Amino acid sequence: PYLGKTIVELEAIFSVGATDPRELLLLAQELAHRKVPKAVGLLAKVKAAITDPGTGFAGGTIGRDVQTLKKLCKKHRYQPKLIEAAYKINKERLDRLVKKIQRYYPKLNNKNIGILGLTYKPGTDTLRRSKSLELAALLHQKKAHIIGFDPAIKKPISNHPHIKVTSTLTDLFSGLDAVIIMTPCPEFKTISQKQIDTMRRKVIIDTVNILDRGAFSLKGINYLPTGG
């Protein structure tokens, strides 16, 4: 009835760090092994979602998958306390990101904050449930000026008028106090020193670890990757 050995494995993982999302992978594997049909389709999605750094799952799909796993747990008489904790922590990631920005600017009013990547993932123009837009809203509440760039977004976002959308990377960087890289768009790997030099203060927060950390360490740039 209960998932016996798997529960022991999950407890061991979470004894090290309750934010470790590998519980989702272990549970999906266990359910797939039990030939629970929905779990087979969820496994690849969950595995992909936890192997990359970032600000938590966006776009709605993974969130729905976690909810499905919780329902499957209930059906198989496993109370998913750890999944619920991980889900809650995932929802709090943006607040922690704002606090990371506030290491440099305790008060964000009138600061120019750039956001690289406005869609919920690269290769789409879908803005629904975008973490970038959620972050922009949080920063706007703190009176920051938000400038955004995304290769797929060419026009202002009607329901987010507080975001100034630029048409080029160069336009984005000019006069920024900080820039946050939110999605791993290949274009962002081409960020140049010349573009960074146009910033008012050189603070780069890389939530997806797309940039070469070593390239910035000796150039007067405050570079904060995820995990750093």
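Worth saying up front: this structure is predicted, and the values here are computed from it rather than measured. Position 1 is the first residue of the sequence; numbering continues from there. These numbers come from the heavy atoms of this one structure, side chains and all, not from hydrogens, waters or symmetry mates.
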- prompt: Any side-chain heavy-atom pair from N209 and P225 closer than 4.5 angstrom?
  reply: yes
Throw together a table of side-chain donor-acceptor distances under 3.5 angstrom for residues 167-175, partners on residues two or more places apart or in other chains.
unit_1, atom_1, unit_2, atom_2, d
T168, OG1, D171, N, 3.0
T168, OG1, D171, OD2, 3.1
T170, OG1, Q195, NE2, 3.1

query: Does any non-hydrogen side-chain atom of T226 lie less than 4.5 Å from one of V208?
result: no
Residue pair K111 / Y105: nearest heavy atoms and the distance that separates them: CE-CD2, 3.6 Å
field: Intermediate values then yes/no, side chain to side chain contact (heavy atoms under 4.5 Å, CB included), L224 and I204
entry: CA-CA 6 Å; L224 280 75; I204 300 174; over 6 Å; no
task: Report the C-alpha distance between I147 and N112 in whole Å, list the side-chain angles of each, state the deciding distance to 0.1 Å, and finish with yes or no for side chain to side chain contact (heavy atoms under 4.5 Å, CB included).
output: CA-CA 7 Å; I147 303 93; N112 296 325; 4.0 Å; yes
statement: Here the pair of heavy atoms bringing T124 nearest to T119 is O-CG2, 3.1 Å
message: Just verifying a value: how many Å separate E134 CD and D95 CG, rounded to the nearest 0.5 Å?
response: 10.0 Å
query: Taking all atoms of both residues into account, what is the closest heavy-atom pair of V165 and I153, and its distance?
result: CG1-O, 3.9 Å
- line: CG (L116) and CD1 (I180) are apart, to the nearest 0.5 Å, by 9.0 Å
field: side chain to side chain contact (heavy atoms under 4.5 Å, CB included) assessment of I115 paired with S132
entry: CA-CA 7 Å; I115 296 178; S132 299; 4.0 Å; yes
field: Test log, rule side chain to side chain contact (heavy atoms under 4.5 Å, CB included), inputs K142 and Q102
entry: CA-CA 11 Å; K142 296 183 180 296; Q102 289 179 311; 3.8 Å; yes
task: Check L133 against L127 and note the closest heavy-atom contact, atom names and distance.
output: CD1-O, 3.7 Å
query: Under the 3.5 angstrom rule, does the side chain of D206 hit a backbone N or O of L211 as a donor-acceptor pair?
result: yes
- prompt: How many angstroms lie between NE2 in H140 and NE2 in H145, if you round to the nearest 0.5 Å?
  reply: 10.5 Å
message: Quick one, I205 and V179 - any side-chain contact, counting heavy atoms below 4.5 Å?
response: no
task: Mind checking the CG-NE2 spacing from L139 to H162? Nearest 0.5 Å is all I need.
output: 9.0 Å
Lys/Arg N to Asp/Glu carboxylate O, D197 vs K202, below 4.0 Å: yes
- line: Here the gap from K131 atom NZ to L138 atom CG, rounded to the nearest 0.5 Å, amounts to 10.0 Å
task: Indicate yes or no for a side-chain donor-acceptor contact from D150 to the backbone of L118 under 3.5 Å, with no hydrogens or angles considered.
output: yes
task: Determine, for D177 against R201, whether the closest basic-nitrogen to carboxylate-oxygen distance falls under 4.0 angstrom.
output: no
Review item, side-chain donor-acceptor pairs of residues 182-191, under 3.5 Å, at least two apart:
unit_1, atom_1, unit_2, atom_2, d
T190, OG1, E187, O, 2.6

statement: So CD1 of I196 and OH of Y223: to nearest 0.5 Å the spacing works out to 10.0 Å
